[in-house]
J.: 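This is the structure, below, for whatever I ask next.
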Amino acid sequence: MKNYNYFDDDESVDKVLAEVRNRSRIQSEEEKKHDRREVVYAIKDFNKNRGDSVQRGAGNFSPRSRRKSFDIKNPIDIIEHENLLHKKTILRAMLLVFIMFFICVIAVTIHSIRQDNKDNTRFNADAGVICAQYSTRYGNCNYEALYNKYTIKGYRMKGLCYLREIDFNNDGDSELLMVFRDSGTYYVEVWGYNGDKEFVTLFHEKTAQRKKKTHDAWVTLYKKNKKYYVGTHSKKDLSEVKLYGLKGDEFEEKYSCTYDKKKEEFTIKNKVDDTSFERVMLSVISGRKAVTYVEDVSKLINTFSAASDKAVKSEAIGKSMNSAYYSIVEDYNQRYGKAKYVEKNGRAYVKGLAVVDLIDFNDDGKDELLIIYRKSVKGRTTDYNGIYVPTSTDRYYIEIYRYTGSGASLAYKNEGISNSLNNEYDRYYIIKTDNGKSFYCQNTFSTESYGNIVSAASTMLRMKKTSFVPMYSSSYYTEYGYTEYQIDDREIYNASAFEQAGYKIPLFNGSNKYDHDLFTVTYLQRKLKNNDDVKGRVTKTQKTIKKLNPSYSG
């Protein structure tokens, strides 16, 4: 470094400042003023204490320069030191700001996660209540073979058919899409929160369905820019479609499009769109798809299990298990009558509330309530002239309830119980018990053309958390000597292979030989000559009811 004789005048100040600028390349006017002031102070002290060790804090130094003592070599070193301290102070301030910002980000993130968890918990609770109500009102998710009624292949969904959690307007809050079947008609609903934070119905319409009940039915969904829309098809012309999107707490018409029934494709804005549309099929579907729907609905309801325990629990909320179950029994006795043995038209059967049984299906130490009742169902048939005439048929219904800790909630419901091949009299139900767990089994047969066409299905269901799901199924279809076999919806190509694995459930192959320690077959209707199988049922039902309420008179 050059040695200079510095004086407290403008020339000396400008000389030093020029060298400092050259070193640090200072550009701003504020920094120029700052440096000039530091130079003046430094030259004054340098001339006063030249060659001596100066304790900074004496003289006219800036406050920053008073914090440390050092040996002065020349004013430029002093200024460079001051600049370094200035930069360190700025870095410390920036670091502090960054740390505070990072802490704020973490705090906001934690709060957001907690709020999301809180909102998700509330959604699950509210959705669980609605699902339980609809399962009770319309029945659990289930399916039936179309051949049994319409002699066509395929299945259709019934009860609470379909569930899906969707964020329709992409605002981070989920809505619940649900489809149910009521009196032969499918309906689609969307549930979500309104402006008052109430869980309400935001959308309700009939699904797309052709005039004949044997034809396909479906729900149309459209996705664009991460938002979902529900499609409604015109009743007069299914090809005309309106798409509704969620705005605020209401669904409003947003787009329109057309549907080609033959090609099964949608056209929007004069362009065929094969990727943005989805049809959720409800009828004339494969057995595999029907089983998948049942499993998916069961899984989603199980995620609402905490809320399901708050759900519709009959009128027995807050009561003990026996009291909760007895409230249901008392209600059904009034609706359908108490169990009564009847002999009529060559048949022996139990009418009214025929079965009340307590079975621990999932081996958790708590019994479930199984009830079967008989009621008349209106229908129609054709007379000799091909004219439809009304009919009335007696049919058994089965329901299974579980105890939630404070009441009873529906876990399973089905229209009809097991029947036998080529035997219009037999009606029965089967319970399998294995390693402490129990399973509900059912056989269903339908014949046409004097027995030349046969459709048969056999199913075993297990209780999974809050509902029943299929764990095994087998079926066959015979038409004038040609037979197709399936096990768990896998096609089996020969009769011998089907005989080895397809007849797991008793009576499905017509044989009365089965493991009585593993299966319990209970008849509710038989030919009059076999009435011994039916007579004792009323007494067993009365005994079970008295377990629930000892004061029950029968």
Side-chain angles (χ1 to χ4, degrees), residues 126-146 148-149 155-165 175-191 199-209 213 217-219 230 280-283 285 289-302 304-305 307-308 310-315 328 331-332 335-336 369-373 375-379 395-402 404 407-417 440 442 461 463 466-470:
D126 291 335
V129 171
I130 298 303
C131 289
Q133 289 176 349
Y134 276 54
S135 293
T136 302
R137 190 180 305 168
Y138 304 110
N140 285 334
C141 183
N142 209 335
Y143 57 91
E144 61 183 354
L146 289 168
N148 294 340
K149 292 184 178 180
Y155 296 82
R156 69 180 176 191
M157 303 306 298
K158 61 181 183 177
L160 182 56
C161 309
Y162 185 80
L163 286 177
R164 189 162 161 188
E165 186 176 340
E175 284 77 41
L176 178 67
L177 173 74
M178 61 193 310
V179 183
F180 59 92
R181 185 167 178 260
D182 182 18
S183 301
T185 302
Y186 292 100
Y187 294 88
V188 56
E189 289 186 350
V190 179
W191 285 72
F199 199 66
V200 297
T201 306
L202 304 176
F203 183 86
H204 172 89
E205 285 290 343
K206 291 181 180 180
T207 68
Q209 187 169 2
K213 302 299 183 183
W218 70 91
V219 175
V230 186
V280 180
M281 302 302 299
L282 304 168
S283 185
I285 59 178
K289 182 178 284 292
V291 171
T292 299
Y293 280 167
V294 172
E295 292 175 347
D296 289 346
V297 169
S298 176
K299 288 178 183 177
L300 192 54
I301 288 179
N302 285 335
F304 304 148
S305 59
S308 291
K310 300 177 186 177
V312 176
K313 304 177 175 69
S314 73
E315 297 177 356
I328 296 173
D331 179 37
Y332 279 55
R335 288 190 198 180
Y336 308 111
L369 173 68
L370 182 148
I371 60 174
I372 299 177
Y373 53 93
K375 71 173 185 177
S376 294
V377 180
K378 293 182 179 180
R395 184 180 298 169
Y396 287 103
Y397 287 73
I398 179 172
E399 296 179 7
I400 302 175
Y401 289 83
R402 66 185 183 89
T404 66
S409 181
L410 185 67
Y412 177 76
K413 180 178 180 178
N414 194 21
E415 302 175 9
I417 56 177
Y440 175 68
Q442 183 174 339
L461 300 105
M463 187 174 182
T466 61
S467 60
F468 282 76
V469 297

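In what follows, every heavy atom counts, from backbone to side chain, and hydrogens, waters and symmetry copies are set aside.
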J.: Using side-chain heavy atoms (C-beta onward) and a distance below 4.5 Å, is Val179 in contact with Leu282?
T.: yes
J.: What distance separates Leu202 CG from Leu177 CG, expressed to the nearest 0.5 Å?
T.: 11.5 Å
J.: Name the one of Phe203, Phe180, Tyr138 that satisfies ring pair (Phe, Tyr, Trp, His ring centres under 6.0 Å) with Tyr187?
T.: Phe180
J.: Using the side chain to side chain donor-acceptor pair (under 3.5 Å) criterion, which residues pair with Glu205? Sequence neighbours excluded.
T.: none
J.: To the nearest 0.5 angstrom, please state how far the CE atom of Met281 sits from the SG atom of Cys161.
T.: 12.5 Å
J.: Which residues pass the salt bridge (Lys or Arg N to Asp or Glu O under 4.0 Å) test with Glu165, sequence neighbours left out?
T.: none
J.: So, using side chain to side chain donor-acceptor pair (under 3.5 Å) as the criterion, who are the partners of Tyr336 when residues are at least two apart?
T.: none
J.: Rounded to the nearest 0.5 Å, how far apart are CD of Glu144 and CG of Asn142?
T.: 8.5 Å
J.: Under a 3.5 Å distance rule, please check whether Asn140 uses its side chain to pair with a backbone N or O of Ala411 as donor and acceptor.
T.: yes
J.: The test is side-chain contact (heavy atoms from CB on, under 4.5 Å); show your working for Asp182 and Tyr134 and say whether it passes.
T.: CA-CA 10 Å; Asp182 182 18; Tyr134 276 54; over 6 Å; no
J.: Tell me, do Arg402 and Thr404 make a side-chain contact under 4.5 Å, heavy atoms counted?
T.: yes
J.: Can you find a pair of side-chain heavy atoms, one from Val280 and one from Trp218, that are under 4.5 Å apart?
T.: no
J.: Check the pair Arg181, Met157 against side-chain contact (heavy atoms from CB on, under 4.5 Å), reporting the backbone distance first and the verdict last.
T.: CA-CA 8 Å; Arg181 185 167 178 260; Met157 303 306 298; over 6 Å; no
J.: Can you sort out the partners of Asp331 under side chain to side chain contact (heavy atoms under 4.5 Å, CB included), two or more places apart, ordered by chain and number?
T.: Arg335
J.: Please name the pair of heavy atoms, one in Gln209 and one in Gly184, separated by the smallest distance, quoted to 0.1 Å.
T.: NE2-O, 3.8 Å
J.: Given Tyr186 and Arg156, is the side-chain contact (heavy atoms from CB on, under 4.5 Å) satisfied, shown in steps?
T.: CA-CA 11 Å; Tyr186 292 100; Arg156 69 180 176 191; 3.6 Å; yes
J.: Of all heavy-atom pairs between Asn414 and Gln442, which one has the smallest distance, and what is that distance?
T.: ND2-OE1, 2.9 Å
J.: Grab the two heavy atoms, one from Ala408 and one from Ile328, that are nearest each other, plus how far apart they are.
T.: CB-CD1, 3.5 Å
J.: Using the side-chain contact (heavy atoms from CB on, under 4.5 Å) rule, take Cys131 and Leu176 through it: C-alpha gap first, then chi angles, then the decisive distance, then the call.
T.: CA-CA 10 Å; Cys131 289; Leu176 178 67; 4.2 Å; yes
J.: Not counting sequence neighbours, which residues clear side chain to side chain donor-acceptor pair (under 3.5 Å) with Tyr155? List them please.
T.: none
J.: I'd like to check the ring pair (Phe, Tyr, Trp, His ring centres under 6.0 Å) partners of Phe199; sequence neighbours left out, ordered by chain and number.
T.: Phe123, Trp191, Tyr193
J.: Could I get the full list of ring pair (Phe, Tyr, Trp, His ring centres under 6.0 Å) partners for Tyr293, not counting sequence neighbours?
T.: Tyr162
J.: Would you say the side chain of Ser467 lies within less than 4.5 Å of the side chain of Val294, judging by non-hydrogen atoms?
T.: no
J.: Going by the rule side chain to side chain donor-acceptor pair (under 3.5 Å), which residues pair with Asp296 if we only count those two or more places apart in sequence or in a different chain?
T.: none
J.: Could I get the full list of ring pair (Phe, Tyr, Trp, His ring centres under 6.0 Å) partners for Phe468, not counting sequence neighbours?
T.: Phe361, Tyr412
J.: Please enumerate all residues that pass side chain to side chain contact (heavy atoms under 4.5 Å, CB included) together with Val297, with sequence neighbours excluded.
T.: Cys141, Leu163, Ile301
J.: Just verifying a value: how many Å separate Lys375 NZ and Tyr332 OH, rounded to the nearest 0.5 Å?
T.: 9.0 Å
J.: What's the spacing between Tyr397 OH and Ile417 CD1 if we round to 0.5 Å?
T.: 12.0 Å
J.: To the nearest 0.5 Å, tell me how far Met178 CE sits from Leu160 CG.
T.: 4.5 Å
J.: Taking only residues two or more places apart in sequence or in another chain, which ones pass salt bridge (Lys or Arg N to Asp or Glu O under 4.0 Å) with Glu399?
T.: Lys413
